[in-house]
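First up is the structure itself, then whatever we jot down about it.
Chain letters run A, B, ... following the sequence lines, proteins first, then strands; residues in each count from 1. Atom set for the values below is all heavy atoms of this structure, side chains included, hydrogens, waters and symmetry mates excluded.
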Protein chains: 2
Amino acid sequence: MPEPSLGILLFVAHRELERRVLDGVRAAGFDVTLAQSRVFQRLDEGGSRITHLAESAGVTKQTAGYLVDQLEEAGFVERVPDPSDARARLVRVTSRGREAVAVARPIEAQVYAEWAAYVGVRDFERLADTLARLRPITDPYA
Amino acid sequence: MPEPSLGILLFVAHRELERRVLDGVRAAGFDVTLAQSRVFQRLDEGGSRITHLAESAGVTKQTAGYLVDQLEEAGFVERVPDPSDARARLVRVTSRGREAVAVARPIEAQVYAEWAAYVGVRDFERLADTLARLRPITDPYA
DNA sequence: GCAAACTAGTCAGAACTTCTGACTATCATA
DNA sequence: TATGATAGTCAGAAGTTCTGACTAGTTTGC
């Protein structure tokens with residue numbers, strides 16, 4: 001058992017990355033909360049259903065619906081009918097949402113660059129690769 | 001920029017580990033919430049101050065105090081005076097708290113074993129090692 | 001076809017978590 | 001010993017998430 005536990009290490013790394021990106025996006029004038037960003041991040045290019053977003057983000061569909069309401073009101077996403085199923089609606093990123101992504105990406109890349117410089121590019125890439133290979137068993141709703 | 005992003009990979013790995021351990025601890029009859037467990041995990045052997053717990057868990061000290069109240073009521077921790085500072089009190093794990101830890105540890109180890117088997121022991125150990133080396137810049141309150 | 005079971009999403013209400021701001025008690029310092 | 005800093009709590013509000021019940025639309029099996 002490593003000390004500190006791998007759990008804490010995963011947690012603090014994720015929290016730091018999330019904090020940096022969210023701070024930057026907010027500083028650029030996009031008013032997003034942590035919970036909103038976690039749903040927003042998981043939107044697929046072609047749009048996602050609420051139920052899928054909920055599973056993917058690990059919250060109930062009521063919660064996902066509530067957060068999508070907020071994102072919609074802020075103009076970051078829109079709901080459109082799902083042509084393949086009249087019960088469902090697709091949540092899609094709007095152009096304003098894409099502007100926020102355009103701010104977030106370079107900040108994320110900057111953090112990765114700092115981490116890679118700190119532990120070495122090779123080890124950083126191995127870290128990302130191993131986590132990606134682990135994903136099938138860590139994220140059943142990938 | 002990897003796809004999916006490293007942020008999501010860190011998140012899902014942490015969430016899966018946390019879920020497994022928390023499910024197991026609850027199944028053993030210890031009624032703990034996610035927020036409580038996150039504070040509890042960060043207790044030092046000799047006891048921790050509320051302010052330190054708050055910084056380490058990334059919440060305000062009011063929130064940490066509130067969660068410690070709950071943990072105290074459930075019997076997992078106790079508050080004792082800090083001999084070195086009469087303003088402060090130390091939050092310490094009780095014997096009941098230690099029982100919960102005794103349930104959590106093997107579950108955690110089991111998850112690690114599964115992950116190591118899935119990606120290979122060497123890569124798993126590298127993952128843990130790289131995250132540990134990254135910690136100084138991901139966790140200023142280590 | 002059509003009734004039964006299932007799925008997508010919402011509504012209502014409660015519980016939990018977290019925050020801001022203000023406050024008391026104690027400590028450190030000059 | 002006055003001044004500013006620190007540990008922690010209290011009060012109140014906001015944000016997040018849950019359980020349970022519900023409507024509308026889809027799929028399946030007879």
Grab the [atom1]-[atom2] distance between [X] and [N] for me, whole Å please.
X: Leu90(A); N: dT7(C); atom1: CG; atom2: P; value: 19 Å
X: Leu53(B); N: dT18(C); atom1: CG; atom2: P; value: 13 Å
X: Leu71(A); N: dT16(D); atom1: CG; atom2: C1'; value: 13 Å
X: Arg38(B); N: dT17(D); atom1: CZ; atom2: P; value: 10 Å
X: Arg49(B); N: dA5(D); atom1: CZ; atom2: C1'; value: 14 Å
X: Phe40(A); N: dT16(D); atom1: CZ; atom2: C1'; value: 19 Å
X: Lys61(A); N: dT10(C); atom1: NZ; atom2: P; value: 9 Å
X: Leu34(B); N: dT17(D); atom1: CG; atom2: P; value: 10 Å

Charged N-O contact under 4.0 Å between Arg126(B) and Asp123(B): yes

My understanding is that only residues two or more places apart in sequence, or in another chain, count here; which of them pass ring pair (Phe, Tyr, Trp, His ring centres under 6.0 Å) with Phe11(A)? His14(B)

Quick check on the hydrophobic clustering: are [X] and [Y] connected, directly or via other members, by side-chain heavy-atom contacts under 4.5 Å?
X: Val12(A); Y: Leu131(B); result: no
X: Val59(A); Y: Leu71(A); result: no
X: Ile8(B); Y: Phe124(A); result: no

I'd like to check Ile50(A) versus Arg89(A) (side-chain heavy atoms, cut-off strictly below 4.5 Å). Are they in contact?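 The answer is no; the side chains never approach within 4.5 Å.
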
Does the side chain of Leu127(B) come within less than 4.5 Å of Leu134(A)'s, by heavy atoms?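 A side-chain contact exists here, since the closest heavy-atom pair is under 4.5 Å.
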
Show the distances under 3.5 angstrom between N or O atoms of the protein and N or O atoms of nucleotides 25-28 of chain C.
{"from": "dT26(C)", "atom 1": "O2", "to": "Arg87(B)", "atom 2": "NH1", "distance (Å)": "3.3"}
{"from": "dC27(C)", "atom 1": "OP1", "to": "Ala86(B)", "atom 2": "N", "distance (Å)": "2.9"}

Identify which nucleotide among dT17(C), dC19(C), dT17(D) has an atom closest to any side-chain atom of Leu67(A), counting heavy atoms from C-beta outward. dT17(D)

So which nucleotide from dT10(C), dC18(D), dG8(D) ends up closest to the side chain of Arg79(A)?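 Nucleotide nearest to Arg79(A)'s side chain: dT10(C).
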
Across the strands shown, which category fits Thr51(B) at heavy-atom distances under 4.0 angstrom: base, sugar-phosphate, nothing?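 Thr51(B): backbone/sugar contact only, no base atoms under 4.0 Å.
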
OP1, OP2 of [N] versus side-chain N and O of [X]: anything below 4.0 Å?
X: Arg89(B); N: dT9(D); result: yes
X: Thr60(A); N: dT17(D); result: no
X: Thr63(A); N: dT16(D); result: no

Taking protein heavy atoms under 4.0 Å as touching, what does nucleotides 10-15 of chain D look like 5' to 3' if B marks base contact, S marks sugar-phosphate-only contact and - marks none? B-----

Once the angle between the rings of Phe76(B) and Phe30(B) is folded into 0 to 90°, is it parallel (under 30°), tilted (30 to 60°) or perpendicular (over 60°)?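 Taking Phe30(B) first and then Phe76(B), their aromatic rings sit tilted (interplane angle of 30° to 60°).
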
Do you see a donor-acceptor pair shorter than 3.5 Å between the side chains of Tyr66(A) and Gln62(A)? no

